[in-house]
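Scroll down for the structure; my scribbles are underneath it.
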Amino acid sequence: MLTIQFIRDSKETILEGLKIKNFKQPELIDQLISKDNERRSLQVKTNELQAEMNRLSKEIGVLFKSGEAEKANKVKEQTTAIKKEVESLEKAFQDSSVDLNNLLVQIPNVPHPSVPPGNTEADNKLIREGGAMPELDENALPHWELGTKYRLIDFELGVKITGAGFPVFRGDGARLQRALISWFLEENTAAGYEEILPPLMVNEDSGFGTGQLPDKEGQMYHVTEDNLYLIPTAEVPVTNIYRDVILDAEELPIKNTAYTPCFRREAGSHGKDVRGLNRVHQFDKVEIVQIQHPSNSYAALDEMVKHVEKLIISLGLPYRIVQLCGGDLSFTSALTYDFEVYSAAQKRWLEVSSVSNFEAYQANRLKLRFREAGEKRPILAHTLNGSSLALPRIMAAVLENNQTPDGIKLPEVLHKYMGKGKEIIR
RNA sequence: GGAGAGAUGCCGGAGUGGUCGAACGGGGCGGUCUCGAAAACCGUUGUGCCCGCAAGGGCACCGGGGGUUCGAAUCCCUUUCUCUCCGCCA
């Protein structure tokens, strides 16, 4: 969430930005500010009375100690009325703070000035594209048929064991998954990211820290017995490593990468968009996360984009990078680039990575701060993350785009992970 | 799952009703000494919010929530988590 200080200082900028994001309730900003004024004046009054109470209590203590019980009891009488007043003021102050917080969590992040206006993905801005479109045979197969043909993916089996959206990978399919994961992790660590293998379930505090809770509760699987949530992305456990942490400026930037399965309920999804691996409830993803100095976060964002781009180029997939327009931007993001690869057999673009700068928005929820050398006050860090990369759609595109009458010719970078004789899946 | 112990500042650890935001030790930072370092010595060292141009001041926080009391780290209730032993187990 945004800090109340930032909202007070930069009201106009924020309103301007929220317009780009198609925020429907700009009036909340004024409500916030007047609620904050209310809270402040309540705090002044409450604190004054509390100070008075503290003073009297101390006096009573001293009087009792020196044996002047009578005097002490007299002062005690005074406290009764003040105590009542303090209690009701405290209550009012707390209510006011809760209200303020409830308003605050409804305000999305403010988009970066470069974010184009617009409502849907049609308004996203093409940044660049690359890679050659494959020329496929008339009767090229979509990946779900290739998965069956080469015995790589078994969707029916997943339905039997668990349900729709839980594919079973087997044989070379399972191996290809593992190859991709290994290769991604290797590339990420080579780029300076520390590898993390985090828990796959998180508690409520973590869900709140990265913004999944309270709003997007329905998107996560919830283990009610223990009140834990299955992670929808490694971003959640990895970013929460730094919850309630004050770093030294020299520790920045922090760069982490993690492979995890991701679990998403995707309630309401249906139709051809969710066919095969296009949208599933459990999938594998390698994530990159950075904790950055605010002055460097956009340079870091560019660096992350270049890094992800390099991976996709190495896989030989036709791709494009788009900058999300205001309406398509997530609640917490200030700037997001989406990576899409072209799936030749489905004849459509598939989103395979989303790289975002959250600026201080997540950090404020997480209480993730750092201290500049010599400075007393800690300040909020910037957080960024991106997929590097999400497996299912990469797998779909790799299978579809590389199909030949002789089998599926895998990208060279994966050969060493697939093992000898597995350069082509037959 | 059963039994017990515990949760205090950057870390260790004291504190069982008043002057305790918290002894003491370690660490960090600044200084003295030194060519420099070590040692020793001196000083300093939590977070948030509020008032204030500032200097400065106030309030809250000793796992979370609630209660008793003029006054709670300390007493009571509740909750979460951690550790030890037993059981189970990859």
Side-chain angles (χ1 to χ4, degrees), chain A residues 1-9 32-105 197 199-209 213-214 222-229 237 240-252 254 360 363-381:
Chain A
M1 55 195 180
L2 300 175
T3 64
I4 186 67
Q5 199 52 52
F6 177 57
I7 292 174
R8 294 186 76 103
D9 293 346
L32 254 167
I33 292 173
S34 69
K35 186 50 88 173
D36 187 48
N37 288 334
E38 175 193 288
R39 196 196 95 231
R40 281 173 195 234
S41 73
L42 280 169
Q43 178 167 2
V44 172
K45 280 186 216 150
T46 311
N47 284 177
E48 277 170 3
L49 275 185
Q50 283 170 328
E52 175 71 4
M53 267 306 268
N54 289 343
R55 214 164 27 241
L56 291 175
S57 294
K58 254 178 204 173
E59 206 179 314
I60 291 169
V62 172
L63 286 173
F64 270 125
K65 235 174 209 172
S66 60
E68 301 175 81
E70 236 172 86
K71 268 190 181 170
N73 283 321
K74 223 169 201 171
V75 181
K76 243 184 185 180
E77 279 164 32
Q78 284 183 52
T79 61
T80 319
I82 301 177
K83 199 186 169 188
K84 269 212 170 114
E85 207 174 336
V86 167
E87 268 165 15
S88 77
L89 272 172
E90 256 180 340
K91 174 92 172 60
F93 173 67
Q94 264 168 30
D95 288 349
S96 191
S97 303
V98 168
D99 290 350
L100 183 69
N101 210 55
N102 287 340
L103 286 169
L104 223 37
V105 295
L197 189 62
L200 305 183
M201 289 192 235
V202 295
N203 58 29
E204 234 173 310
D205 285 348
S206 295
F208 180 83
L213 296 176
H222 187 193
V223 183
T224 51
E225 182 82 18
D226 299 289
N227 197 24
L228 296 172
Y229 295 86
N240 272 285
I241 292 173
Y242 308 98
R243 169 156 51 85
D244 292 323
V245 166
I246 300 177
L247 299 158
D248 289 328
E250 306 91 75
E251 295 178 77
L252 299 175
I254 288 175
N364 189 35
R365 282 189 159 217
L366 290 161
K367 305 236 176 334
L368 162 51
R369 292 162 292 173
F370 72 96
R371 204 188 317 266
E372 212 79 71
E375 290 291 321
K376 199 168 157 48
R377 288 190 148 269
I379 56 177
L380 293 170

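Keep in mind that what you see is a predicted model, and the values were worked out from it rather than measured. Chain naming here is simple, since letters A, B, ... match the order of the sequence lines and numbering starts at 1 in each.
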From [options], nucleotide with atom closest to [X] side chain:
X      : options                : result
A/I246 : B/rC59, B/rU47, B/rC70 : B/rU47
A/R40  : B/rU47, B/rC59, B/rC51 : B/rC51
A/Q50  : B/rC51, B/rU47, B/rA60 : B/rA60

Expressed in whole Å, how much space separates the [atom1] atoms belonging to [N] and [M]?
N      : M      : atom1 : answer
B/rU34 : B/rC41 : C1'   : 14 Å
B/rG46 : B/rC20 : C1'   : 15 Å
B/rU8  : B/rU82 : C1'   : 15 Å

Restricting both atoms to N or O, compile the protein contacts to nucleotides 18-21 of chain B shorter than 3.5 Å, with distance only.
unit_1	atom_1	unit_2	atom_2	d
B/rG18	N2	A/S57	O	2.7

**Request:** Check whether NZ of the Lys or CZ of the Arg A/R39 lies under 6.0 Å from the centre of the six-membered ring of A/F93 and within 45 degrees of that ring's axis.
**Result:**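 A/R39 over A/F93 ring: no.
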**Message:** Please classify the nucleic acid contact of A/N54 as base, sugar-phosphate, or nothing, using heavy-atom distances under 4.0 Å.
**Reply:**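 Sugar-phosphate, backbone atoms only, no base.
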**Sugar-phosphate only, base, or nothing, as touched by A/R55 at under 4.0 Å among non-hydrogen atoms** =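 If one applies the 4.0 Å heavy-atom cut-off, A/R55 turns out to touch nothing in the nucleic acid.
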**Salt-bridge present (A/R8, A/D36; N to O < 4.0 Å)** =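 Yes.
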**Item:** Residues touching RNA chain B, which here means a heavy atom under 4.0 Å, drawn from residues 83-99 of chain A
**Value:**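 Residues of residues 83-99 of chain A under 4.0 Å from RNA chain B: A/K83.
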**Item:** A/V86: side-chain contact (heavy atoms from CB on, under 4.5 Å) partners, not counting sequence neighbours
**Value:**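 For A/V86, the residues satisfying side-chain contact (heavy atoms from CB on, under 4.5 Å) (neighbours in sequence not counted) are A/L49, A/Q50, A/M53, A/I82, A/E90.
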